[in-house]
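A quick write-up on the structure given underneath.
Quick caveat: nothing in here was measured; it's all calculated off a predicted structure.
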Amino acid sequence: MIDAHAHFLFGVDDGPQTIEVSLQMCRIAARDGVRTIYCTSHLNAEDYTSEALRMELERRASVRGDLEQVAKAEGLDITLKCGAEWMLTPDLIDALPACPEARYGGSRAFLFEISRFTEAAFVPQFAQLAVLEGWKPVFAHPERYPSLDERNMHAVLDPLAQLGIPMQLTAASLTGLFGPRPQNLGRLIARTYPDCIVISSDAHENQVRIPGLSAGYAELDRIHAGLAVQARQRLSSYLKNATL
């Protein structure tokens, strides 16, 4: 399995703060059957100058390399790849070309989120612009935003579906970890947009928000038989095609 949204890098964001916790997360993911992890620490282009952003991404690459080396030395069958969870800001499109380390494996694909204070209505316009510029966006956890619900879901997500943009549900949302609202909305999104759904863990630590995808995929199959296999294949294909 591929986990395309996970906070594994220690000392980088609100994820693990020590390499010991990061390593434990790697163990948990490996036991669950995850083999490829994209390290998508939070990133906001407005927080950095161009030079500072370059240095920050170099630091993250170093942390990722150190963690993967320790994990491999322990015999864990996992690969850690680069990425980031970009905050949607006005200058995001301009920042992407110079930041291969903050895109999925250095490809044309990237993960983005909106702040809890941002209206989801801005997402379709951004997504359309990104696609026109040749990028392949992935929309992180649409089921968890305060500004997105059943009332405006079609206005926000229909344009993404028409563009073939994946909607990345959090596995733990589907299992109920975040409460009934994200669980119910996540299920509704999966039923409404079965051809656009992918699953990731959005793991942050080794106690509650832990890595793991199998339980989320099981929930997808409860929604509709075969949906889990389709979602896994969709994610793999989307990331592979983004490198072409």
Side-chain angles (χ1 to χ4, degrees), residues 1-45 47-48 51-87 95-96 98-113 138 140-141 166 168-172 177 198-217 232 235-236 238-240 242-243:
M1 288 187 290
I2 299 171
D3 193 346
H5 181 178
H7 300 256
F8 272 61
L9 302 184
F10 56 93
V12 170
D13 61 1
D14 59 343
Q17 297 306 303
T18 66
I19 192 171
E20 289 79 13
V21 174
S22 292
L23 183 58
Q24 179 60 18
M25 293 173 68
C26 290
R27 296 184 187 117
I28 295 170
R31 285 198 300 267
D32 193 56
V34 176
R35 294 294 173 259
T36 301
I37 299 166
Y38 287 89
C39 299
T40 55
S41 301
H42 293 290
L43 190 61
N44 188 332
D47 292 341
Y48 301 91
E51 179 62 16
L53 181 56
R54 181 188 65 79
M55 294 176 64
E56 172 63 13
L57 294 178
E58 288 179 355
R59 180 176 77 93
R60 295 182 181 199
S62 177
V63 172
R64 178 168 53 86
D66 291 345
L67 177 58
E68 184 170 61
Q69 183 177 19
V70 172
K72 293 291 188 184
E74 191 173 295
L76 298 180
D77 183 17
I78 59 171
T79 299
L80 303 179
K81 294 191 176 184
C82 67
E85 184 178 13
W86 287 94
M87 181 62 66
L96 286 171
C99 299
E101 184 69 29
R103 308 193 305 260
Y104 280 123
S107 73
R108 302 290 292 180
F110 68 98
L111 178 69
F112 77 98
E113 66 172 342
V138 177
H141 46 70
Q168 188 182 84
L169 301 178
T170 307
L177 179 66
V198 297
I199 296 286
S200 292
S201 75
D202 196 8
H204 277 64
E205 36 90 10
N206 64 338
Q207 297 296 323
V208 180
R209 294 185 64 179
I210 63 173
L213 300 176
S214 57
Y217 279 122
R232 288 174 63 172
L235 177 60
S236 177
Y238 192 79
L239 295 178
K240 180 179 180 180
T243 65

Could you pull out all residues at least two apart from C99 that satisfy side chain to side chain contact (heavy atoms under 4.5 Å, CB included)? L53, L57, W86, A102
Testing the basics here: between A4 and L111, what is the closest heavy-atom pair and its distance to 0.1 Å? O-CD2, 4.2 Å
For Q69, is the CD atom crowded, meaning more than 12 foreign heavy atoms sit under 6.0 Å from it? no
Closest contact, heavy atoms only, A45 versus A95: CB-CB, 3.9 Å
Provide the closest heavy-atom pair for I37 versus A6 in the form atom of the first, atom of the second, distance. CG2-CB, 4.0 Å
Among all residues two or more places apart in sequence or in another chain, which pass the ring pair (Phe, Tyr, Trp, His ring centres under 6.0 Å) test with F110? none
Quick one: list whatever passes salt bridge (Lys or Arg N to Asp or Glu O under 4.0 Å) with E58, sequence neighbours left out. R54
For E85, all residues meeting side-chain hydrogen bond (donor to acceptor under 3.5 Å, both in side chains), sequence neighbours excluded: H5, H7, H42, H141
Taking salt bridge (Lys or Arg N to Asp or Glu O under 4.0 Å) as the test, write out the residues that go with R60, two or more places apart. E56
Output all residues satisfying side-chain hydrogen bond (donor to acceptor under 3.5 Å, both in side chains) with S200, sequence neighbours left out; order by chain, then residue number. Q168
May I have the step-by-step check of side-chain contact (heavy atoms from CB on, under 4.5 Å) for T79 and K72, ending in yes or no? CA-CA 9 Å; T79 299; K72 293 291 188 184; 3.8 Å; yes
Looking only at non-hydrogen atoms, find the nearest pair between A140 and E113 and report the distance. CB-CB, 4.3 Å
Check whether S107 reaches the backbone of A109 with its side chain - one donor and one acceptor, N or O, closer than 3.5 Å. yes
Compare every heavy atom of R103 with every heavy atom of L96, then report the nearest pair and how far apart it is. O-NH1, 2.6 Å
How would you list, by chain and number, every residue that makes a side chain to side chain contact (heavy atoms under 4.5 Å, CB included) with R209, sequence neighbours excluded? R144, L177, F178, D202, H204, E205
Verify side-chain contact (heavy atoms from CB on, under 4.5 Å) between Q24 and I210, making sure each step is shown before the conclusion. CA-CA 10 Å; Q24 179 60 18; I210 63 173; over 6 Å; no
Tell me if a side-chain donor or acceptor on D3 pairs with a main-chain N or O of S201 at a distance below 3.5 Å. yes
Quick one: SG on C26 to CD1 on I78, what's the gap to the nearest 0.5 Å? 3.5 Å
Quick one: pull up CD1 in I2 and CD1 in I199 and give me the separation to the nearest 0.5 Å. 13.5 Å
For a side-chain contact (heavy atoms from CB on, under 4.5 Å) check, start with the C-alpha distance between Y104 and T40, then their side-chain angles and the critical distance, and finish with the verdict. CA-CA 9 Å; Y104 280 123; T40 55; 4.2 Å; yes
Any chance you could measure L235, atom CG, to M1, atom CE, to the nearest 0.5 Å? 11.5 Å
For P211, enumerate each residue passing the side chain to side chain contact (heavy atoms under 4.5 Å, CB included) test, keeping only those at least two apart in sequence or located in another chain. F8, M25, I28, A29, A203
Minimum heavy-atom separation for A71 to L23, with atom names? CA-CD1, 3.9 Å
About how many Å separate CD of E68 and NZ of K81, when rounded to the nearest 0.5 Å? 10.0 Å
With D66 via side chain to side chain contact (heavy atoms under 4.5 Å, CB included) - residues at least two apart: S62
Per the salt bridge (charged side-chain N to carboxylate O under 4.0 Å, His left out) rule, what does the pair list look like for residues 25-40, sequence neighbours excluded? R27-E74, R35-D77
